[in-house]
Amino acid sequence: MFEARHNMDAPTTTSADDGTPGDGGGWFTPRKPPKGPEDERITTVPEAPENREAREAATPETGRAPQAPTAPGPGEILQAPAAQASETPQASQHRVPPPQAQSTAPPISAQQAKPAAKASADALLVQRTMAEIEPVADKVTSYFYALLFTRHPDLRALFPAAMDAQRDRILKALLTAAEHIDHTDVLVAYLKNLGRGHRKYGTQAEHYPAVGECLIGSLSRYASATWNEETEAAWVRTYTTISQVMIDAAAEDELRAPAWWFAEVVSHDLRTPDIAVVTVRPDQPYPFLAGQYTSLETPWWPRVWRHYSFASAPRPDGLLSFHVKAVPAGWVSNALVHHARPGDILRLGPATGSMTVDHTTDSGLLCLGGGTGIAPIKALVEDVAEHGRRRPVEVFYGARTDHDLYDIDTMLRLQQSHPWLAVRPVVDQRAQLPDAVREYGPWNEYDAYLSGPPGMIRNGVDALRDIGIPEGRIRHDSVEELVASD
């Protein structure tokens, strides 16, 4: 296991070998599973009608999301499904969670997090717990939040009104990190991104102990067959390490960047009845790379953040554009498409995502963009053009109907300006974009980039492997299991 860093001024976690505070000064103290009267107070609360949001089968509204815990297709990591009901203890004493922990970090992919040659003792105990709770992950999630909100009702207001669409995100992120505790390099990068991204929710170092205590309480309750003092100690050490990396990353980030940026809407271009191109001007310089994405909050739904890809490379005027598709019952997407107007003020989280161009090579780019997934593909094309290298770029732009090719004119204009660029529209009711790619090629000298609905990403990865592109040269930031988008 890697060790937590203690070189920052942020609070640190210390524990003895048994996982308990070593000197009385550590602030993460594990608790035993709730028993007796508190258990009897657990009730099931009906889900509020306004919380039953329609979930797009993809991820962010560009069809993208933080890089998947699995590269769509190859392997999976445990993810807690959204809870169906919330178990709510009525009272107790603990600390609270990072508010609305919607991950802004690219979660660990199956390819990145390959099994270690020999798992550590703690990793084996953690994995044993994960295996036991997987069938009841929804109950674990509900109980986790029930503990948090019961012990800290005053901080419930830090969370969005609708908890169902993201109730499992904190726990999912923690379990993801814990399961891959031995994969040091990948995990540290994941946790640093997560720690930086949580700043926009108002997360403070003092919130982490409460999350850890409720995590232990939830796991010990539902992993009773495998839970013992040794397992608890392993989880305490694991969580201590995870939280310390996040705390340090947030402290470092605070020295050089704001927790969020205000951005004024300067134009709103309705391309179809349900797709708009929204352009905003941040209140201060906003760093990002072509192919990345950000999280966005509207004034109509405070504390509800959704992911959107940047639809252009960085511009001299500093403006940022997003392609937004309104989905049924989508709070954020419908607000942006149908209500946003010039002058409205939005908030942006930090940029993240790994679907960027490697400018140290001359490899060609094979880009597959489906629906609003064309937005980051357009940004990649602009990025290549700005670097002035004549490397071939092949863009397959997929849609179910001609009407859905809302940005085809822009892409064709780019093709006219750059002889190294080829744009191939693919219209198919079945959206079989990967099949069209097989008809061209060869692609063995190309780096592949995919953005769009999860089914297209999954099929695209399989198709590209089949035609000889190594998995390490296939890049995407999308998966259906991560978060619903609205």
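What you see is a predicted model, and the numbers here were worked out from it, not measured in a lab.
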Say you draw a straight line from CE of M411 to CD of Q415; how long is it, rounded to the nearest 0.5 Å?
9.0 Å

Roughly how far apart are I377 CD1 and E382 CD, rounded to 0.5 Å?
12.0 Å

Please name all residues satisfying salt bridge (charged side-chain N to carboxylate O under 4.0 Å, His left out) with D344, sequence neighbours left out, ordered by chain then number.
none

Are V381 and L421 side-chain neighbours, meaning at least one heavy-atom pair lies under 4.5 Å?
yes

Does the side chain of V245 come within less than 4.5 Å of L187's, by heavy atoms?
no

Measure up the W443 and F396 rings against each other and bin them: parallel (under 30°), tilted (30 to 60°), perpendicular (over 60°).
perpendicular

Quick check: do D383 and H359 have side-chain heavy atoms less than 4.5 Å from each other?
yes

Can you name the nearest heavy-atom pair linking A249 to R196, along with the distance?
O-CG, 3.8 Å

Taking the side chain as everything from C-beta on, heavy atoms only, tell me whether Y239 gets closer than 4.5 Å to V126.
no

The test is side-chain contact (heavy atoms from CB on, under 4.5 Å); show your working for R438 and D466 and say whether it passes.
CA-CA 9 Å; R438 292 189 179 97; D466 291 345; 3.8 Å; yes

Which atom names give the shortest non-hydrogen contact between R271 and Y406, and what distance separates them?
NH1-O, 3.5 Å

Taking all atoms of both residues into account, what is the closest heavy-atom pair of D447 and S363, and its distance?
OD2-CB, 3.7 Å

Which residues share a side-chain hydrogen bond (donor to acceptor under 3.5 Å, both in side chains) with Y446, sequence neighbours left out:
none

Would you confirm whether H198, through its side chain, and G195, through its main-chain N or O, come within 3.5 Å as a donor-acceptor pair?
no

Would you confirm whether H268, through its side chain, and V337, through its main-chain N or O, come within 3.5 Å as a donor-acceptor pair?
yes

Just verifying a value: how many Å separate H476 NE2 and L464 CG, rounded to the nearest 0.5 Å?
10.0 Å

For residues T410 and K378, is any side-chain donor paired with an opposing acceptor at under 3.5 Å?
no

Can you confirm if the aromatic rings of F310 and Y293 lie within a centre distance of less than 6.0 Å?
no

d(T361 OG1, E445 CD) to nearest 0.5 Å is 10.5 Å

Could you state the interatomic distance from CG (D138) to CD1 (I133), rounded to the nearest 0.5 Å?
10.5 Å

Taking the side chain as C-beta and beyond, is there a heavy-atom pair between V278 and Y308 under 4.5 Å?
no

Using modelled atom types and a 3.5 Å cut-off, is there a donor and acceptor pairing between side-chain atoms of R475 and backbone atoms of S354?
no

Any idea which heavy atoms bring F322 and T294 closest together, and the distance?
CE2-CG2, 3.6 Å

Can you measure from CG (D269) to NE2 (H323) and round to the nearest 0.5 angstrom?
8.5 Å

Only distances under 3.5 Å count here; give the side-chain donor-acceptor pairs of residues 255-265 to other protein atoms, sequence neighbours excluded, each with its distance to 0.1 Å.
{"unit_1": "W261", "atom_1": "NE1", "unit_2": "P285", "atom_2": "O", "d": "3.0"}

In this structure, which one of K200, R199, K192 forms a salt bridge (Lys or Arg N to Asp or Glu O under 4.0 Å) with D253?
R199

Trace of the side-chain contact (heavy atoms from CB on, under 4.5 Å) decision for L348 with L320
CA-CA 11 Å; L348 304 176; L320 310 173; 3.5 Å; yes

Yes or no on side-chain contact (heavy atoms from CB on, under 4.5 Å) for Y208 and T203, after CA distance, side-chain angles and deciding distance?
CA-CA 8 Å; Y208 285 86; T203 305; 3.8 Å; yes

Contact check, side chains of V384 and L365, non-hydrogen atoms, under 4.5 Å
yes

Would a 4.5 Å heavy-atom cut-off, applied to side chains only, mark V395 and I374 as touching?
yes

List the atom of A335, the atom of T298, and the distance in Å for their closest heavy-atom pair.
CB-OG1, 4.4 Å

Side-chain (Y449) to main-chain (P376) donor-acceptor, under 3.5 angstrom
no

Flag, side chain of T279 to backbone of S267, donor-acceptor distance under 3.5 Å:
no

Tell me, with the steps shown, if W300 and V332 meet side-chain contact (heavy atoms from CB on, under 4.5 Å).
CA-CA 8 Å; W300 298 279; V332 176; over 6 Å; no

Is it the case that atom CD in E386 sees more than 12 heavy atoms from other parts of the structure closer than 6.0 Å?
yes

Taking the side chain as C-beta and beyond, is there a heavy-atom pair between T372 and V324 under 4.5 Å?
no

Of all heavy-atom pairs between M456 and S451, which one has the smallest distance, and what is that distance?
CE-O, 3.6 Å

